[in-house]
Amino acid sequence: MKPSIPKGTRDFLPQQVNRRNYIFDIIRRVFIKYGYQAIETPVMENLSTLTGKYGEEGDRLLFKVLNNGDFLNKADEAALRERDSTKLIPSISKRGLRYDLTVPFARFVVMYQNDLAFPFKRYQIQPVWRADRPQKGRYQEFYQCDVDVVGSESLSYEAELVQIYDEVFAQLGIKTVIRINNRKILAGIAEVAGIPEQLVDMTVAIDKLDKIGIEGVRKELTERGIGAPAIATIEKILAIQTLPELEQALAASPTGLLGVTEIAAVMNYLEGYQLTNTLHFDITLARGLSYYTGCIFEVNVDTTAHPDVKMGSIGGGGRYADLTSVFGMRDMPGVGVSFGAERIYDVLEELQLFPAQDAAALQVLFIAFDAASHRYAFRCLNQLRAAGINADLYPDPVKLKKQMKYADDRQVPYVIIIGDQEMNTGQLSFKTMANGEQEQLTMAEIIARF
RNA sequence: GUGAUUAUAGCUCAGUUGGUUAGAGCGCUGGAUUGUGAUUCCAGAGGUCGCCGGUUCAAAUCCGGUUAGUCACCCCA
């Protein structure tokens, strides 16, 4: 049979795994430094935990897991007869693959509320699954790196998350623009424009501004049934750049003013803190139609510093007033952000920012001529490993050519060749692959080289 | 859910208006070289042209269907 893997999934070669771990390690270390703790949740959740949390589109993109056993015998007869898949699902599938890390986290918080200390600061780096049609940079299985704090409304956490973004991308060497806005400001705009009940329509349209331009947004707003006077008001406010001007424009909306105050408070926390990346208040940032209620964030590659990189957002998040009420626990506010690890990988690759020397790589390969020197080499190998040097021994004393070729394929920087001569003198042939130079060194001298 | 596009050697791909035995590069195996990789030279192995059907004297090539991949839209990371 011809081997293959499911659509939208990927295998990772050793180099790719090392590079992915490089990204995850940086992110993880920063999370830990800021006091966040790791949790993990199962790949599968009860389907009832997942359905209805991501909208109609989200339900369609959920991977459902077929029940074990004689599931058809227990299937909904009527739905089966009508060939109604949607109606049939509950009776044949009770589990699904997690769609994101936020909903499982909400479930987790409710289940362990008595064991957690609030504010609870958690991070989670795990794969999620979506039955979307795959395309460039989008997969059915991909990793999310989420960091959230729940149980506090303090805006100092918003400031802290900006610092986390800043520090991670500084360490990765990517210049980014961290954009910040506030849902309450968007609500204020809708109020001032006289269309408070069409807030969602307005946000969805504004969110596309980068992509479709002001003309496109105008068209989209019109299509969504928003009148010309309201559109004019919206456009006028979207052009505003500074907080004081915005305060004036939103004077009629207490919610809008609160949003402005919140942004100012976050900026205030960050005053005097030296950011490596650009923090930019962007009134046009909207972040889709998700559950955010306060500050929202999005991170993009700085196109001034990296003009050739064409990449969507590489991170985003925001504050939500109530994470857990769908699971019966009220008044649990939180704020969190996510890192788009898959996209960050692509950016680092394009900018050639991955470290050249791979920490996990093999450093030395032993090569032997015959059975006796192979046994001798095995003991030398143990000494190198005991000294903490990544070392390996070719498994058989076959032709040198074959062993050397393996060393080359493994891209090992040094080879130690052992034969009669070396065993008798204790002076091993230590070869530097890059230039082909060979030296006669004792084990002690070799270990001292690393 | 909508649309476009691709499928030929292990991999990446050529293959003319349909016409002899389907090619290249890389990789693989052996040799030049029984103590040396990457470099050089020589030789060799390796293909049911995704699958099913149709047109034709003749199909990798044209037509229909089908499966799978890729890309874009919707949405999203």
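It should be emphasised that the depicted structure is a prediction, and the values quoted were computed from it without experimental measurement.
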Can you tell me how far P in rU6(B) sits from the matching atom in rA59(B), rounded to whole Å?
23 Å
For Gly137(A) and for Tyr406(A), locate the closest nucleotide of RNA chain B by heavy-atom distance; then report the residue assigned to the nucleotide nearer the 5' terminus.
Tyr406(A)
In terms of side-chain heavy atoms of Lys402(A), which of rA77(B), rU29(B), rA72(B) is nearest?
rU29(B)
Mind checking Ser338(A) for me? I need base, sugar-phosphate or nothing, with any heavy atom below 4.0 Å counting as a touch.
nothing
Output the rounded distance in Å from CZ (Phe297(A)) to P (rA77(B)).
16 Å
For rC75(B) and Lys208(A) - does any side-chain N or O of the residue sit under 4.0 Å from the phosphate oxygens OP1/OP2?
yes
Rounded P spacing from rG50(B) to rA7(B) in Å:
8 Å
Taking all non-hydrogen atoms of both residues, which atom of Arg95(A) and which atom of Leu66(A) are closest, and how far apart?
NH2-O, 3.7 Å
Should Gln421(A) be listed as having a side-chain N or O under 4.0 Å from OP1 or OP2 of rG35(B)?
no
If I pick the P atom on rC49(B) and the same atom on rC42(B), what distance separates them, to the nearest angstrom?
31 Å
Just to be sure I understand the rule, does Tyr143(A) reach a base, reach only the sugar-phosphate, or reach nothing, if contact means heavy atoms closer than 4.0 Å?
nothing
In whole Å, what separates the C1' atom of rG27(B) from that of rU21(B)?
25 Å
Quick one: does Arg10(A)'s side chain have a donor or acceptor within less than 3.5 Å of a partner on Glu141(A)'s backbone?
yes
Between rU17(B) and rA60(B), how many Å separate the two C1' atoms, rounded to a whole number?
16 Å
Using the P atom on both, measure rG37(B) against rC28(B) and round to a whole Å.
14 Å
Would you indicate what Gly436(A) reaches in the nucleic acid, counting non-hydrogen atoms under 4.0 angstrom: base, sugar-phosphate, or nothing?
base
Work out how far the P atom of rU55(B) is from that of rC11(B), and round it to whole angstrom.
34 Å
Pairwise C1' distance for rG53(B) and rA43(B), with rounding to whole Å
43 Å
Counting only side-chain heavy atoms from C-beta out, which of rC74(B), rU2(B), rG35(B) sits nearest to Glu57(A)?
rC74(B)
Any salt bridge between Glu220(A) and Arg224(A), counting N to O under 4.0 Å?
yes
Less than 3.5 Å between a donor and an acceptor, one on the side chain of Gln403(A) and one on the base of rG35(B), is that the case here?
no
